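I have placed the structure first, in the form of structure tokens, so that the comments after it can refer back to it.
These numbers were taken from a predicted model, which means no experiment stands behind them.
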Amino acid sequence: MIDLATDYLDIDSLLSHQELDLRSQVRQFVDDRIRPNINAWYEDAVFPQDLVKEMGILGLLGMHLTGYGCGGRSAVEYGIAAMELEAGDSGIRTFVSVQGSLAMSAIAKFGSEEHKRQWLPGMAAGELIGCFGLTEPTAGSDPANMLTRAERVGQGWVLNGAKRWIGLASIADVAIIWAATDDGIRGFVVPTDTEGFVATPIPEKLSMRASIQCDITMENVQLPGTAVLPEVTGLRGPFSCLNEARYGILWGAMGAARDAYQTVLAYANQRTQFGKPLASFQLTQQKLVDMVLEIQKGTLVALQTGRLKDSGRLRPEQISFGKLNNVRQAIEICRSARTILGGNGITLEYSPLRHANNLESVRTYEGTDEIHTLIMGRAITGIQSFS
């Protein structure tokens with residue numbers, strides 16, 4: 001029998017046995033390893049690096065890539081994993097996204113055979129960590145005007161510049177750095193122990209506290225000629241990787257929303273006011289119903305986007321639909337959930353406000369609401385409204 005409180009439209013019936021088995025496996029990992037510890041990690045601003053190899057053993061790192069130790073899973077399976085991880089915390093899902101959708105995807109899509117053999121197996125196993133350097137202190141939504149530059153010197157390259165809000169950089173073994181060259185924007189595979197490469201964690205964040213974001217400075221970083229990603233020139237390279245990350249986000253946001261909803265549903269049934277459970281009040285039921293409506297719709301958006309991706313028919317503009325809608329709705333769900341908790345909702349004992357704070361970062365990275373709105377506007381009208 002369908003449990004209308006958890007799956008009103010019986011979306012589970014649209015998933016295969018393999019997809020449901022994967023979900024159970026990742027959900028158990030979250031229940032066992034993340035939920036008991038996330039409050040302390042968040043409060044202390046600690047990323048649980050000991051989980052990295054465990055996620056590698058589970059096959060969650062680069063799971064949508066094929067070969068070189070990667071899982072070869074479907075897009076829908078990757079999305080399901082992202083949803084379950086973000087139900088634990090956005091910071092954990094963000095690690096999987098930066099590692100697999102950004103750094104590993106860049107190497108898998110555009111790297112040389114040497115790059116793939118050197119880095120991908122260790123990254124898939126969680127033995128090596130990668131980061132992805134695109135955003136700069138003065139160029140977030142406008143990467144075409146990046147200031148980081150790579151110059152040809154003899155048979156090699158010299159990198160100079162700065163990057164900001166780069167996930168995992170201070171613990172990474174390898175960085176994919178995008179830089180302007182005389183031939184256009186190129187990607188470079190940069191071991192982080194290279195002289196002149198410095199990554200510094202950004203402190204005192206109000207969001208994504210169980211995650212690491214960094215400033216990177218590069219001063220005369222000398223690289224061999226083989227460091228450049230040979231298979232791409234221009235913004236097509238980083239945007240292709242960003243679309244992989246955006247895809248995971250539209251699933252993950254629904255995981256955070258679902259966890260917030262389930263938390264307050266249980267609370268509303270147990271908490272009494274005026275001699276009755278909170279769940280018996282009409283205004284509380286309206287909030288819960290609105291949450292169910294948006295979570296079910298957002299999950300269907302994610303699933304259809306995944307099916308399109310697996311069939312090779314997904315367009316980047318369609319990813320923008322899911323990223324814009326699902327993150328925006330997830331934030332509203334988490335904020336509404338906090339109101340049901342009353343004053344208790346501002347404590348770490350309950351997840352909605354933590355999720356809402358994290359989602360403010362998710363809303364900003366991999367394309368702001370404004371950027372995805374204009375991408376959709378261009379797709380709808382055929383008119384480019386931004387340069």
**OP:** Output, in order, the C-alpha distance, side-chain angles, deciding distance and verdict of side chain to side chain contact (heavy atoms under 4.5 Å, CB included) for Lys287 and Thr339.
**Re:** CA-CA 9 Å; Lys287 292 176 183 179; Thr339 68; 3.0 Å; yes
**OP:** Look at Glu244 together with Lys309 and state whether they make a salt bridge at an N to O cut-off of under 4.0 Å.
**Re:** yes
**OP:** For the pair Gln296 (side chain) and Tyr8 (backbone), establish whether a donor and an acceptor sit closer than 3.5 Å, ignoring hydrogens and angles.
**Re:** yes
**OP:** Output all residues satisfying salt bridge (charged side-chain N to carboxylate O under 4.0 Å, His left out) with Arg338, sequence neighbours left out; order by chain, then residue number.
**Re:** none
**OP:** Enumerate the residue pairs fulfilling salt bridge (charged side-chain N to carboxylate O under 4.0 Å, His left out) with a member in residues 56-70, sequence neighbours excluded, ordered by first and then second residue.
**Re:** none
Subject >> Spacing of His372 atom NE2 and Glu366 atom CD [to the nearest 0.5 Å] >> reply: 8.0 Å
Original post:
When you measure from the side chain of Ser311 to the backbone N and O of Arg307, does any donor-acceptor pair fall under 3.5 Å?
Top reply: yes
Original post:
Any ion pair linking Glu84 and Arg93 (charged N to carboxylate O, less than 4.0 Å)?
Top reply: no
Subject >> Sequence-distant partners of Asn243, side chain to side chain donor-acceptor pair (under 3.5 Å), two or more places apart >> reply: Arg246
Subject >> Counterpart residues, side chain to side chain donor-acceptor pair (under 3.5 Å), relative to Asp290 (two or more places apart) >> reply: none
Original post:
Going by atom types only, do Tyr267 and Asn344 share a side-chain donor-acceptor pair under 3.5 Å?
Top reply: yes
**OP:** Could you tell me whether the side chain of Ser336 and the main chain of Ile333 form a donor-acceptor pair under 3.5 Å?
**Re:** no
**OP:** Would you list the pairs meeting salt bridge (charged side-chain N to carboxylate O under 4.0 Å, His left out) in which at least one residue belongs to residues 38-51, sequence neighbours left out?
**Re:** Arg33-Asp50
Subject >> Test log, rule side chain to side chain contact (heavy atoms under 4.5 Å, CB included), inputs Leu341 and Arg271 >> reply: CA-CA 9 Å; Leu341 296 166; Arg271 174 86 166 183; over 6 Å; no
Original post:
Should Val232 and Val174 be counted in the same cluster of Ile, Leu, Val, Met, Phe, Trp and Tyr side chains packed under 4.5 Å apart?
Top reply: yes
**OP:** Test Asp215 against Thr200 for side-chain hydrogen bond (donor to acceptor under 3.5 Å, both in side chains), laying out the working first.
**Re:** CA-CA 5 Å; Asp215 286 311; Thr200 306; over 6 Å; no
Original post:
Does a donor on one side chain and an acceptor on the other come within less than 3.5 Å for Ser74 and Glu77?
Top reply: yes
Original post:
Is it true that Glu332 and Arg328 make a salt bridge, defined as a side-chain N closer than 4.0 Å to a carboxylate O?
Top reply: no
**OP:** Nearest 0.5 Å please: distance from the CH2 atom of Trp178 over to the CG atom of Leu134.
**Re:** 8.0 Å
Original post:
So with a 6.0 Å cut-off around CZ of Arg152, is the heavy-atom count from everything else above 12?
Top reply: yes
Subject >> Flag, side chain of Glu19 to backbone of Ser16, donor-acceptor distance under 3.5 Å >> reply: yes
Subject >> Evaluation steps, salt bridge (charged side-chain N to carboxylate O under 4.0 Å, His left out), between Glu204 and Arg209 >> reply: CA-CA 8 Å; Glu204 299 177 345; Arg209 290 180 56 79; over 6 Å; no
Subject >> Those residues that, when tested against Glu136, pass side chain to side chain donor-acceptor pair (under 3.5 Å) (two or more places apart) >> reply: Thr148, Lys163
Subject >> Closest non-hydrogen atom pair, Phe29 against Leu51 >> reply: CZ-CD2, 4.2 Å
Original post:
What pairs with Phe197 under ring pair (Phe, Tyr, Trp, His ring centres under 6.0 Å), at least two apart in sequence or on another chain?
Top reply: none
**OP:** For Leu65 and Ser105, run side chain to side chain contact (heavy atoms under 4.5 Å, CB included): C-alpha distance rounded to whole Å, both residues' side-chain angles, the deciding distance at 0.1 Å, then the answer.
**Re:** CA-CA 7 Å; Leu65 304 175; Ser105 280; 4.0 Å; yes
Original post:
What residues, two or more places apart in sequence or in another chain, satisfy ring pair (Phe, Tyr, Trp, His ring centres under 6.0 Å) together with Tyr261?
Top reply: none
Subject >> Under 3.5 Å donor-acceptor, Ser90 side chain and Glu86 backbone >> reply: no
Original post:
Under the side-chain hydrogen bond (donor to acceptor under 3.5 Å, both in side chains) criterion, do Thr368 and Glu370 qualify, and how do the steps go?
Top reply: CA-CA 5 Å; Thr368 62; Glu370 292 79 4; 3.3 Å; yes
**OP:** Using the ring-ring contact (aromatic ring centres under 6.0 Å, His included) rule, collect all pairs that involve residues 40-93, keeping only residues at least two apart or in two chains.
**Re:** Phe47-Phe95, His64-Tyr78
Original post:
When you look at Gln213 and Ser211, which way does the side-chain hydrogen bond (donor to acceptor under 3.5 Å, both in side chains) test go after all the steps?
Top reply: CA-CA 7 Å; Gln213 286 76 39; Ser211 182; 2.9 Å; yes
**OP:** Would you check if the side chain of Lys323 reaches a backbone N or O of Gly367 as a donor-acceptor pair within less than 3.5 Å?
**Re:** yes
**OP:** Could you walk me through whether Tyr365 and Thr94 pass side-chain hydrogen bond (donor to acceptor under 3.5 Å, both in side chains), step by step?
**Re:** CA-CA 10 Å; Tyr365 67 44; Thr94 293; 2.7 Å; yes
**OP:** Not counting sequence neighbours, which residues clear salt bridge (charged side-chain N to carboxylate O under 4.0 Å, His left out) with Arg149? List them please.
**Re:** Glu151, Asp182
Original post:
What is the distance from atom NE2 of His355 to atom CZ of Arg335, rounded to the nearest 0.5 Å?
Top reply: 14.5 Å
Subject >> Side-chain donor or acceptor of Asn326 paired with backbone N/O of Ala253 under 3.5 Å >> reply: no
Subject >> Flag, side chain of Gln118 to backbone of His115, donor-acceptor distance under 3.5 Å >> reply: no
Original post:
Sub-3.5 Å donor-acceptor pair from the side chain of Thr192 to the main-chain atoms of Ala172, do we have one?
Top reply: yes
Original post:
Can you name the closest pair of heavy atoms from Ala81 and Leu60 and give their distance?
Top reply: CB-CD2, 4.1 Å
Original post:
Are Arg35 and Asp89 close enough for a salt bridge, meaning some N to O gap below 4.0 Å?
Top reply: no
Original post:
For the atom pair CD1 (Ile212) and CD1 (Ile166), what is the distance rounded to the nearest 0.5 Å?
Top reply: 13.5 Å
Subject >> Counterpart residues, side chain to side chain donor-acceptor pair (under 3.5 Å), relative to Asp310 (two or more places apart) >> reply: none
Subject >> Residue list, side chain to side chain contact (heavy atoms under 4.5 Å, CB included) with Ala150, at least two apart or on another chain >> reply: Trp157, Leu159, Ala179, Thr181, Phe188
